[in-house]
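Both backbone and side-chain heavy atoms feed into the values below; hydrogens, waters and symmetry mates do not. Protein chains get the first letters and strands the later ones, always in sequence-line order, with residue 1 at the start of each.
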Amino acid sequence: MAGIALRKRPHIARPTAATRPPRVKGATVPVVEFEDVTKVYDGGSIGLERATMKIGRGEFVFLVGPTGCGKSTCIRLLQKELEASAGEISIAGHELSSMSRSKVPRLRRNIGVVFQDYKLLPNRTIYDNVAYSLQVIGEPRQEIRRKVPDILALVGLSTKLHNYPDELSGGEQQRVSIARAFVNHPPLLLADEPTGNLDPETSIGIMQLIYRINRTGTTVVVATHDSAMVDKMRRRVIELREGRIVRDELSGLYRPDESTTEFAIRLRGELGVGHEGHPN
Amino acid sequence: MKLGFFLREALRGLGRNSAPALAALLTVLLTALVLGVFIPIVQATTGTANEVRNRVVVDVYLNDGVTPAERQEVRGALERTANVKSVAYISKADGLARAKEKNPKAFADGAKLLGGNPLPDTFRIVPDDPGRVKAIVDRVAPRDASGERVASLAGIDEVRNKESDTEKILSATGLVKILTAGLAVLLIFASIALVANTIRLSIFARRREVEVMKLVGATNWFIRWPFVIEGVIVGAMGGLLAVLLLTIAKETFIDPLQARFALLAAPNTIDFGLLIVVLMVACMAVSATGSALTLRRFLRV
């Protein structure tokens, strides 16, 4: 499954063993660390309850669970859009609770974010939307002129540079949003229901794109309730339920009760192949 | 590079949100027009009121046959008194001459009747603040236990401040001043509120945009500058239009009338050039700070 992602697009060099960051957990500072994190909203509803997890460099993690289970809360906490009520969140060793307001923009520049509703700037062309996140970091204009068409070609939108977001399909808009998130090569990419508004076909394309970004060494956290996608990708799954982490599996399925054998049978049936190759 | 970028962003913002921008511009234009008309009116009114107030004086009458030495002593004492701006000496002869000048008919044949000059030598005191006239009188001639005024110096016969006149002038002009000042404050507040509110609405329509900018990692000032520049542009355009209209109105209506009406030609009204500068600066400042302040709410992401 994973291999498909790289077949069609040769732009990103497949990371070699040398360029790929070490995947040994604990050896380096984890990219994301939740330490007993609780988030209680002003109204009293609980977004997250005593969540503890570590995500290492280069990992691809699914946050799964029904709506309202705390997936989006996690993503928004990581951007410091929300403040944790208790506990400590660290990103690459930096504690978010003690981070001053003036440092927040720098944090966000190092985190690419993809939203369910794309959140593109409606008054700007596709080109300008992507360019904005480079302008924000003060990139010189010739660099922007070089990088933006590159990344848009990478996501397959080189013909629509000067269209406005509302002239694009949902899948295309999500590609723009991914291009924007990745154009300055952040070490961490967060995606909040990136395929939530898209049909299954388009979703696969989007997920492939995100997977390719992961293969360049970027740590990726995807919040989703797209069970088919999670089952196909077979990556690390962290399941949340009513704000608690109830499962953390290294190569999991969306549904925990399905054993590997059951999955294999289902997969064989779905794909019509003789044996299941473990992804990646 | 940065300034160019912000300027282009501001122009893009104006172009893409022309309807709210136009609304803001019109608001600025109208309030500037109203202020432009009102400021000279307030100034003329308070100017007139002040002129009237400055007529308030205290007269210190000296005893007949006062010696020059005593006179000097009184003059020195008066000049040292608090709240006294200036002291002028009017001799008997001067006093008579002035009275004649004021009312020539009465003195034409009256000189014979009077049989001499009944006027005393007088020191006329101009107070530094018309409101302090009473205080001056109290200092020069304090009341004794029975309530009678007793002059503080030997040469002084009587201290007068034309009490009823003074009182009337002071209360009437005071009221006029308070009223116009109150109106001016109200009008300025209304203008600021109106302009700020229109700008608020136009930014409110774009709050999602601001939110996204924040999430992409833009610093507050990176987002704010284009909005502030937009505010300055809108303010400048509105102000410029208002000034243009005011100039036309002044040239066509006021200037021809000025010769005939004293109020319009009152020397105390603000210089037209200065008025233009004040209006322009106020327009730009209000709409720019309005933009910046409104943004604050949406920048807290």
Compare every heavy atom of [Y] with every heavy atom of [X], then report the nearest pair and how far apart it is.
X         : Y         : result
Gln79(A)  : Leu215(B) : NE2-CD2, 3.4 Å
Val216(B) : Ser133(A) : CG1-CB, 3.1 Å
Asn123(A) : Arg16(B)  : O-CD, 3.5 Å

### Query
What part of Asn220(B) gets closer than 4.5 Å to chain A, counting heavy atoms only: side chain, backbone, both or neither?
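Interface part for Asn220(B): neither.
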
Are any non-hydrogen side-chain atoms of [X] and [Y] less than 4.5 angstrom apart?
X         : Y         : result
Asp117(A) : Arg208(B) : yes
Arg109(A) : Thr219(B) : yes
Val212(B) : Arg180(A) : yes

### Query
Under 30°, 30 to 60°, or over 60°: which ring-plane class applies to Phe222(B) and Tyr132(A), parallel, tilted or perpendicular?
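Answer is perpendicular, since the angle exceeds 60°.
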
### Message
Are there over 12 heavy-atom neighbours, none belonging to Arg124(A), within less than 6.0 Å of that residue's CZ?
### Response
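Yes, enclosed.
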
### Query
Just wondering, more than 12 heavy atoms not from Arg12(B) lying within 6.0 Å of its CZ?
yes

### Query
Between Glu81(A) and Lys214(B), is there a side-chain N and carboxylate O pair less than 4.0 Å apart?
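No.
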
### Message
Check this for me: does any side-chain nitrogen of one of Glu209(B) and Lys119(A) sit under 4.0 Å from a carboxylate oxygen of the other?
### Response
no

### Message
Can you tell me which portion of Asn110(A) sits under 4.5 Å from chain B's heavy atoms? Options are side chain, backbone, both or neither.
### Response
neither

### Query
Mind checking which of residues 228-242 of chain B sit less than 4.5 Å from chain A, heavy atom to heavy atom?
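Checking residues 228-242 of chain B against chain A gives no residue, so none.
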
